[in-house]
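Single-structure report; data block below.
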Amino acid sequence: MQTDIEHIREIEGVSQQGHGARDPVVVASWLRCLDKHGLDPAARAQAYILPDAALRQHRQRSEDLIRIARSGIDDLYKLVAGQNYVLLLSDSAGVTVEYLGEEAQKHDLRQSGLYLGAEWSEARAGTCALGACIETGEPLIIHQSDHFDVTHGGLSCTAAPIYDTAGRLAAVLDISLLSSPVARASQFLALNLVRQTARRIEMANIMAESRNDWVLRLAGSPDFLDVDPQAALRLDAGGRVIGMTNGAARLMARALGQDWRQGAGLIGRHVSEVFNLDLDTLEGLTRQRAARDRLIETRDGYRLFAHAIEPRRASTPQVARARAIPSELREFAGDDPAMRSLVERAAALAPGRMPLLIEGDSGTGKTSLARAVHAVGRRGPFVTVACDSLAEDEAAVLFGRGDPRGHVPGLIDAAEGGTLVLENIEELPPRIQARLLPLIGEHSFRPVGALRERVATARIIATSHGLAGSGLRADLIHRLSGARLVLPPLAKRQDIVALASRVFARAFGVPVAFDAPAAAALANHDWSGNLHQLAALAQMLVATCGSQPGSGITLGLAQLSPHLSTGDAVRSDSPAILHHLLTEHGWNVSAVAREMGVDRTTVHRQIRRYGLSRAAPSAASRGNVFRPRG
């Protein structure tokens, strides 16, 4: 058994010579600990367990992964039960978010750091299986004195990486022993077990994401193709790769002559660039043919058996999707067709991490929509940044500050695990725009004065009055424009009268209706201040008209006209007026025609002209009102 002094001298020798007698993975990690992380082999570091609040944030961010991985983790732990193994699942930052271990060893495991909430990044703990796996992206063993810190010299740890379908490291699965047999080779079985379990977790993840896309599963043996494939690709309707397991990424990279670690360069490649097949031949690789007959070849000559799984065909009608809109977003839709379409798109985008751009004039409700998207799709904090309040030299407010003594958090850190809203992003100073590019494109950022980048887990939502001609960097515009929602001005909304009724009812405290001239005045006003202006008008009328006891009130043109510029004659064919009348009369076209003084065919023609449709009652029509912001 190596003494502590001998261990420290060995590391010092590796530092001086640049190589050593140990496994090259261990030597490389020792050198990183010395040169990159500035660690001292003579310093003893106690295990670091995150505070409960910080651990909750890490677990919330990894919730989907933990759910998918749980079955595989439980099965792995059953295989090693009774042998004193501890099983850890860490996130990409090296924080343990799931843990299985013997209850009798709980105290010792916590002391050693083999416990829930422990941080095993290489920068924190030195050479260890979790940290080295994060740095290299490869399965590995760190056995006893392989560890950099002498306090970990009794541990034997084996880890394998887990990648998401975009090719990014998402987590690490580790199996460890407090005290282990002397021989390092004793852990080779553990290495194979964690490698296989990580592969199966990746497979479960890609299958969960691929319900509406082609999946191409691959194996070297036809006997295990359908039950335990080695790799899988997710393909869109055009045959382009939109997701992959790590095994598939390595196959693709080898065939294309690329680095498998650069997952972004593999996503979007056509399947025919990697394999000797095209989209038309995928149907021939389904289970309709025997597994032995489904042999394909990569462009570099590697032969595999393939199983193509067809996308599930959507059978749910459009109206059912509309009913499934979450309540937080439903109140935005009203009965305006354009707003209903926008809300359906927002509901589809809400669960993802893709940066989102919300455009619209001042007062259209951009920040309120961002808050609703956050409420549907994310947990954690909701942080807003007024970009016009940041000066060129105030990047640290947003990105934080780093120095040798530690990290001073900024607003990006404050939004960890939640949503960061950049209000009026076009007002951001140019130098800060440049620092923002990695955050938008790669979910990473570098604090002011820091040498290393930090991973960002917050979803980024930017709001803008309009990026065209704004002076915002073109590359930043391109990265933001992938998922874009545009809120219409209030004057262009067909549900203006119904929306005004709800806003006024909130201000007066009783239901509010409008007579025909007042409704026409509302529909014909320009509403340059949008929802802010509408809410201010409601408050002004409350102040001038006083409280209105009773079951409801009807406001006329006399109350509104001093505050509205209605222009000349009211347009009887206004889409907002027609929509209001149809709603008031329960879509009785004959009654609407009588009130307008036209025949029924004219009303039907205007309904088709404006694309009006009778919507199912929404949360908004039942009285919910959102507070406009942005």
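It should be emphasised that the depicted structure is a prediction, and the values quoted were computed from it without experimental measurement.
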Give a yes/no verdict on a cation-pi contact between Arg294 and Phe305, requiring under 6.0 Å between NZ or CZ and the six-membered ring centre and an angle within 45° of the axis.
no

Pi-cation contact, Tyr302 with Arg254 (under 6.0 Å, within 45°):
yes

Side chains of Thr127 and Glu122, donor plus acceptor under 3.5 Å:
no

Between Gln144 and Ser156, is there a side-chain donor-acceptor contact under 3.5 Å, judged purely by atom types and distance?
no

Are any of the side-chain nitrogens in Glu138 or Arg250 under 4.0 Å away from the carboxylate oxygens of its partner?
yes

Any salt bridge linking Asp146 with Arg184? Criterion: basic side-chain nitrogen under 4.0 Å from a carboxylate oxygen.
yes

Between Thr457 and Glu416, a side-chain donor and acceptor under 3.5 Å
no

When you check the side-chain N and O atoms of Arg110 and Gln105, is any donor under 3.5 Å from an acceptor?
no

Between Arg217 and Asp226, is the closest basic N to carboxylate O distance under 4.0 Å?
no

Under the rule for side chain to side chain contact (heavy atoms under 4.5 Å, CB included), what residues qualify as partners of Leu100, not counting sequence neighbours?
Ile73, Asp74, Tyr77, Leu87

Tell me the closest heavy-atom pair linking Ala248 and Ala231, and the distance in Å.
N-CB, 3.4 Å

Is Glu328 salt-bridged to Arg371, cutoff N-O under 4.0 Å?
no

Between the side chain of Asn246 and the main-chain N/O of Tyr163, is any donor-acceptor distance below 3.5 Å?
no

In terms of side-chain geometry, is the basic nitrogen of Arg168 or Asp164 positioned less than 4.0 Å from the acidic oxygen of its partner?
yes

So do the side chains of Glu344 and Leu329 get within less than 4.5 Å of each other, counting heavy atoms only?
no

Is it true that His143 and Asp23 share a donor-acceptor pair across their side chains at a distance under 3.5 Å?
no

I'd like to know if Asp91 and Arg59 make a salt bridge, using a cut-off of under 4.0 Å between side-chain N and carboxylate O.
no

Picking from Ile242, Ile206, Leu235, what satisfies side-chain contact (heavy atoms from CB on, under 4.5 Å) with Asp213?
Ile242

